[in-house]
Trainee: 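Starting off with a structure, shown below.
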Amino acid sequence: MRVNATWNVPEKPGLEGLEDKWAKTWRDNSTYAFVRPESRDQVFSIDTPPPTVSGSLHVGHVFSYTHTDVVARYQRMQGKHVFYPMGWDDNGLPTERRVQNYFGVRCDPSIPYDPEFTPPEKPDPKRQIAISRRNFIELCIQLTAVDEQVFEDLWRHLGLSVDWDTLYATIAPSTQAVAQRAFLHNLARGEAYLSYAPTLWDITFQTAVAQAELEDREYPGFYHRVAFHAPDGSPIYIETTRPELIVSVCALIAHPDDVRYQSLFGSFVTDPLFGIQIPVLAHTSAEPDKGAGIAMCCTFGDLTDVTWWRELNLPTRTVIGRDGRLQAETPEWVGNPAAYEPLAGKTTYSAREAVVEMLRASGDLDGEPKPTVRMANFYEKGDKPLEIVATRQWYVSNGGKDLNLRGELLRRGGEELEWVPDYMRNRFTNWVEGLNSDWLISRQRFFGVPFPIWYPLDNDGEPNWESPILASEDLLPIDPMSTPAPGYAEAQRDQPGGFTADKDVMDTWATSSLSPQIACGWGVDDELFNLTFPMDVAPQAHDIIRTWLFTRVVRSHLEFNSLPWKRATISGFVVDPDRKKMSKSKGNVVVPTEILAKFGSDAVRWRAAMARPGADSPFDETQMKVGRRLAVKVLNASKFVLGMGSATPISAVTEPIDLALLEALKGVVSAATASFEAFDYTSALEVTEAFFWSFCDDTIELLKERAYGNLNVAQGTASTELSDTGESTQRVPSPEALSARAALQTALNVLQRLFAPYLPFVTEEVWSWWQEGSIHHAAWPTVAELSVEGDVALLSAVAEALSGIRGAKSNAKMSQKTAIARIEFAGEAASLDLLKLAENDLRAVGSIKGDIVWTPQPGPLSVSAELLAPVE
RNA sequence: GGGCGCAUAGCUCAGUUGGUUAGAGCACCUCCCUUACAAGGAGGGGGUCGUUGGUUCGAGUCCGACUGCGCCCACCA
């Protein structure tokens, strides 16, 4: 058979190699480059989550990023200029940890820079080499460059249609400039401030952490029943899991209505070991049924202690230092210095053991410690419980203290913002309503954005925290550690009367909270910013609503008095088959490269698209096969339809069944479009796929004989004969043949485009066989382009009849090519009339050689057939 | 303790504003190596819609209660 000479349909199409082939073409042609249009309404802009490059991508990332890409491709086909940047979150603690392990080094800021330094060949993680801050940062940059290439390769292989020219990195100088400028603006407006206050502190990483980075974990411990002493010598028992903190006790606290302690309120008791006079006070947040009903308040054991300390104006008696050890010097409030000596410099664990022994010796431990499991706050990346240490930190207002601001943020994120799915907005409001402190943005780390701040030193060399020296905006980014403060010489650094740099860096969320500003060119490229901001969509998973999503709303609200985007689209997780969250420690992580290699990108993307917005989805390999089968089917169906004849315009469609096909397709187009407009990519795929399978199984089967020209509808005879060589002798095709060809080609064309967002590789491949340009810049199909009218009922009636014919053969356990001697269709008269319109097509597909009997009767269609033996 | 979500076939999930006999894919069974496709095709079996009360002519769908599972937040003396 001859096909249109301009078409190039391969003999044996396959999926292998399509990813490499088209990824390269898209790269060479800059297929997904953002081209600036005239106006904002022609743009669809996406605030892509910048993945943490020091981590590894798992299949959940692949799903989530695919969801975004599917929407991006749809919008592009709708004619939007899609602004789809990618970012790498490469600064911060995760990178530092990876660098430490990878190179076997650690950062010691006191060491001078060594330009000759090269990391060891074989790093010994147990004996990390101390290197300077600058050497450390150089290694961070070196390693992130390698990691980022791996990520980019994977995203390209997956077919993400991001514009790789707009790539950003959170540690890049331009990003640092944005982060510093935004911070200076916050500072100028009074939203950022420096405060010396109790801070949640990770003793391993020796840094403050923010409320949003906390995680609850079970932690084994013991209840200790300990006697304090009333003035008359009688014991007052408290229960504590942290007896080592007795030295920092500043009050005993019970509920004001608790009858047991009425007589003690206002009096002083003595601790069992250190001779400290401690007031007994009342506070309504003390719970009579917890422990002994009276609690020991220390500075600081937990966040309740902080509340009591603040509200009752208690003295600060901190003994635990930044390293998690009890301080070496005896605290001045300890009346019995000898008692402290055994504890000095010990870790909390050793100090606890020592205190227990001392309590036993003094007889103040009532009974043995009882084992318990308590919940403790952990830094999400740490493995020791957090301590609370008073430190000086930078904060940004986030509604944790300012209730007006909280209300504004609740209106922004909880009401104004559109959420997909909608119920995810509850996570936002829940979080904002539960905030109990402002946003702590400073970290005592190295690989991050420095604060553009110095402090003047007085004549004693003490910093003046009240009057920081600010960097000028036009000099950003700036590193105060290597650049002297304005008006000072480098020689005055850390000298009395000179200046000192703020040595902290911003937390990674303080930078990524500005991703819309970074990506859209805030303050750098006004034209771009006006075209892309506020952005259209913020895709992400539900685990970082309280961090990334919330902090972006905060920054945008404070800076622009607006939302950073119109809507947030929330993906669920991919969980393991037992519905457990995937994690490295459980060993249930599915590595995406393997799954992509095994099933192909289109198949994995198909499976991703079947996971609805927000819904967690169990990982199941067998589902990937289904996607692969669909991709193969697209190849084969395209090859078959395009092999049946040359290009035929839609105007040639005249047969009722052909018109019905296109009428049904209109319904698919409008349903898929409506779903996409609601960001319901799953429903759009389902409706397309359902139609496509019936298109393949029923419609193509039904029309192929006529389309080939093997069937002349009028006479039921062939209009094309085969020559000896198998080449067809082209006669002028009948109008009926042209109608079938035109209908099949039109439907195929539409279906290829409907699948393009999901299966970018295979659709680009089949499109390239017969169309010019990339399918990903083709117009999204419309009802209007299907400019014919038909009766959809005909299509379903024929499908039913086909099913009956097949069922008859299948029940007789005969081959489907078995000829039929006589067949009876019994059913509603209207259905039979419809079937008569496709009688010749039914004859052809069913090999009906003899009579067709039409029997009108109520009820569903029933088919009975007399079969002939197949002709050998 | 507060909030959110889920519960439909062995598994994964659809099921629009209540309306005939509750659907799809996978898995399973039977048949067919048919000139697009055997990594295929055709046909088939399989569900008391978590429990329970109510509203209604009619409930998988709406309302109440309960049970189980998951997630978020808080508390953690």
Side-chain angles (χ1 to χ4, degrees), chain A residues 1 9 12-15 214 216 218-219 221 223-226 238-242 252-254 285-298 301-305 372-377 421 423-436 542-543 545-546 572-573 575 577 579-581 599 607 610-612 614-623 625-630 632-644 682-683 686 689-690 693 696-697 700-701 704 708 726 802-803 805-818 847 860 870:
Chain A
M1 134 198 14
V9 183
K12 199 77 185 161
L15 296 178
L214 300 188
D216 277 2
E218 291 188 340
Y219 192 68
Y223 278 123
H224 306 75
R225 191 170 155 86
V226 176
I238 58 108
E239 282 192 24
T240 179
T241 55
R242 302 200 60 184
L252 295 190
I253 294 175
S285 67
E287 297 182 31
D289 54 353
K290 259 191 197 167
I294 186 163
M296 160 178 102
C297 174
C298 308
D302 60 29
L303 291 171
T304 314
D305 288 347
T372 179
V373 176
R374 64 193 181 105
M375 299 303 284
N377 282 321
Y423 61 78
M424 284 293 175
R425 78 174 64 244
N426 296 310
R427 300 269 183 110
F428 180 92
T429 52
N430 212 265
W431 172 251
V432 177
E433 284 162 359
L435 285 171
N436 55 33
H542 49 61
D543 57 333
I545 289 174
R546 67 177 186 175
F573 283 150
V575 292
R579 293 194 174 271
K580 294 280 186 307
K581 192 173 166 179
F599 298 102
R607 176 62 188 85
M610 291 302 282
R612 301 189 114 79
D616 289 351
S617 189
F619 182 79
D620 179 1
E621 272 207 14
T622 63
Q623 300 285 323
K625 290 186 198 161
V626 182
R628 187 173 176 87
R629 205 181 55 156
L630 175 65
V632 170
K633 196 75 174 180
V634 169
L635 282 177
N636 284 318
S638 298
K639 176 195 156 199
F640 189 50
V641 168
L642 298 180
M644 284 194 288
T682 307
S683 297
E686 278 176 346
E689 206 186 337
W693 283 111
C696 292
D697 298 344
I700 292 181
E701 288 300 314
K704 67 182 180 185
Y708 272 140
L802 260 180
S803 174
I805 294 169
R806 288 167 178 159
K809 294 180 181 179
S810 192
N811 285 338
K813 298 195 189 301
M814 300 287 271
S815 159
Q816 289 296 323
K817 73 178 176 187
T818 309
S847 304

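The chains referred to below are lettered A, B, ... by the order of the sequence lines, with proteins before strands, and numbering in each begins at 1.
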Trainee: Would a distance-only check, ignoring hydrogens and angles, find a side-chain to backbone donor-acceptor pair under 3.5 Å from A:Lys809 to A:Met814?
Mentor: no
Trainee: Under 3.5 Å for both donor-acceptor distances, Watson-Crick or wobble: does B:rG47 have a partner, and if so which one?
Mentor: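 Across all strands, not a single nucleotide pairs with B:rG47.
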Trainee: Starting at CZ of A:Arg546, measure out to CZ of A:Phe428 and round the result to the nearest 0.5 Å.
Mentor: 14.0 Å
Trainee: To the nearest Å, how far apart are A:Ile805 CD1 and B:rG43 C1'?
Mentor: 14 Å
Trainee: Going by purine N1 to pyrimidine N3 plus the second Watson-Crick contact, or the G-U wobble pair, all under 3.5 Å, which nucleotide sits opposite B:rG53?
Mentor: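 For B:rG53, the partner nucleotide comes out as B:rC63, under the 3.5 Å rule.
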Trainee: Quantified in whole Å, what is the P atom distance between nucleotide B:rC71 and nucleotide B:rU56?
Mentor: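 About 40 Å, rounded to a whole number of Å.
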Trainee: Between A:Arg806 and A:Glu701, is the closest basic N to carboxylate O distance under 4.0 Å?
Mentor: no
Trainee: Taking the same atom, P, in B:rU35 and in B:rA14, what whole-Å distance lies between them?
Mentor: 39 Å
Trainee: I need the CG-C1' distance between A:Asn811 and B:rG45, as an integer number of Å.
Mentor: 13 Å
Trainee: Output the rounded distance in Å from CD (A:Gln623) to P (B:rA24).
Mentor: 16 Å
Trainee: When rounded to the nearest Å, what value does the distance between P atoms of B:rG60 and B:rA74 take?
Mentor: 41 Å
Trainee: Kindly indicate whether a cation-pi arrangement holds for A:Arg629 with A:Trp693, taking the cut-offs as under 6.0 Å to the six-membered ring centre and within 45° of the axis.
Mentor: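 Yes, A:Arg629 sits over the ring of A:Trp693.
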Trainee: Have a look at A:Cys297 and say if it touches a base, only the backbone sugar-phosphate, or nothing, with a 4.0 Å heavy-atom cut-off.
Mentor: nothing
Trainee: When you match A:Ala615 and A:Arg628 each to their closest nucleotide on RNA chain B, which lands nearer the 5' end?
Mentor: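 Per heavy-atom nearest nucleotide, the more 5' residue is A:Ala615.
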Trainee: Could you state the NZ-C1' distance from A:Lys809 to B:rG44, rounded to the nearest angstrom?
Mentor: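 These atoms are roughly 18 Å apart.
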Trainee: Nearest heavy-atom pair of A:Thr818 and A:Ser847: which atoms, and what distance?
Mentor: O-CB, 3.9 Å
Trainee: For nucleotides B:rU21 and B:rG58, find the distance between their C1' atoms and express it as a whole number of Å.
Mentor: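 The same atom, C1', in both gives a distance of 15 Å.
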Trainee: Once you round it to whole Å, what is the distance between P of B:rA42 and CD of A:Gln816?
Mentor: 9 Å
Trainee: For nucleotides 67-77 of chain B, just jot down a letter per nucleotide in 5' to 3' order: B, S or -, based on protein non-hydrogen atoms under 4.0 Å.
Mentor: ----SSSSBBB
Trainee: Taking only the side-chain heavy atoms of A:Lys633 (C-beta and beyond), determine which of B:rU30, B:rG40, B:rU12 contains the nearest atom.
Mentor: B:rG40
Trainee: Taking B:rG5 as the reference, what is the distance to B:rG64 when you measure between their P atoms (whole Å, please)?
Mentor: 13 Å
Trainee: Ignoring backbone atoms, establish whether A:Lys625 has a side-chain N or O less than 4.0 Å from OP1 or OP2 of B:rA39.
Mentor: no
Trainee: Among B:rA36, B:rA42, B:rA39, which nucleotide sits nearest the side chain of A:Asp697?
Mentor: B:rA42
Trainee: Do the non-hydrogen side-chain atoms of A:Lys625 and A:Phe599 ever get within less than 4.5 Å of each other?
Mentor: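 Yes, at least one pair of side-chain atoms sits under 4.5 Å.
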Trainee: What is the separation between atom CG on A:Asp620 and atom C1' on B:rC13, rounded to the nearest whole Å?
Mentor: 12 Å
Trainee: Would you kindly compare A:Lys639 and A:Met424 by the position of their nearest RNA chain B nucleotide and give the one closer to the 5′ end?
Mentor: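 Whichever sits nearer the 5' end wins; that is A:Met424.
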Trainee: On the nucleotide B:rU34, are OP1 or OP2 found under 4.0 Å from the side-chain N or O atoms that A:Arg806 carries?
Mentor: no
Trainee: In whole angstrom, give me the gap between the C1' atoms of B:rG47 and B:rA9.
Mentor: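 The answer is 5 Å between these two C1' atoms.
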Trainee: Kindly say whether, by distance alone, the side chain of A:Glu689 makes a donor-acceptor pair under 3.5 Å with the base of B:rA24?
Mentor: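 There is none.
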Trainee: Using purine N1 to pyrimidine N3 plus N6-O4 or O6-N4 for Watson-Crick, or N1-O2 and O6-N3 for G-U wobble, each under 3.5 Å, what pairs with B:rG40?
Mentor: B:rC32
Trainee: How would you label the contact of A:Thr429 with the nucleic acid (heavy atoms, under 4.0 Å): base, sugar-phosphate, or nothing?
Mentor: nothing
Trainee: Rounding to an integer number of angstrom, what distance separates B:rG68 and B:rC26 when you compare their P atoms?
Mentor: 36 Å
Trainee: Roughly how many Å is it from NZ in A:Lys813 to P in B:rG43, rounded to a whole number?
Mentor: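 A:Lys813 atom NZ is separated from B:rG43 atom P by 14 Å.
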Trainee: Is there side-chain contact between A:Leu630 and A:Val626, with at least one heavy-atom pair below 4.5 Å?
Mentor: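 SC-SC contact between A:Leu630 and A:Val626 ruled out.
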Trainee: Could you check whether A:Glu218 gets within reach of a base, just the sugar-phosphate, or nothing at all, counting any heavy atom under 4.0 Å?
Mentor: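 No contact at all - A:Glu218 keeps every heavy atom at 4.0 Å or more from the nucleic acid.
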Trainee: Strictly distance-based, threshold 3.5 Å: is any side-chain N or O of A:Asn636 a donor or acceptor partner for the main-chain N or O of A:Lys633?
Mentor: no
Trainee: Scan every strand shown for a Watson-Crick or G-U wobble partner of B:rA74, both distances under 3.5 Å, and answer none if you come up empty.
Mentor: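 Per the H-bond distance test, none.
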Trainee: Could you tell me the separation between the CZ atom of A:Arg607 and the P atom of B:rC11, rounded to a whole number of Å?
Mentor: 16 Å
Trainee: Given the C1' atoms of B:rG15 and B:rA59, what is the spacing between them in whole Å?
Mentor: 14 Å
Trainee: Is there a Watson-Crick or G-U wobble partner for B:rG25 with both distances under 3.5 Å, and if so, which one is it?
Mentor: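 Partner of B:rG25: B:rC11.
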Trainee: Do A:Arg612 and A:Ser617 have a side chain donor and acceptor closer than 3.5 Å?
Mentor: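 There is no such pair between these side chains.
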Trainee: Hey, is the main chain of A:Gly572 close enough, under 3.5 Å, to the side chain of A:Asp616 for a donor-acceptor pair?
Mentor: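 Here the side-chain-to-backbone pair does not exist.
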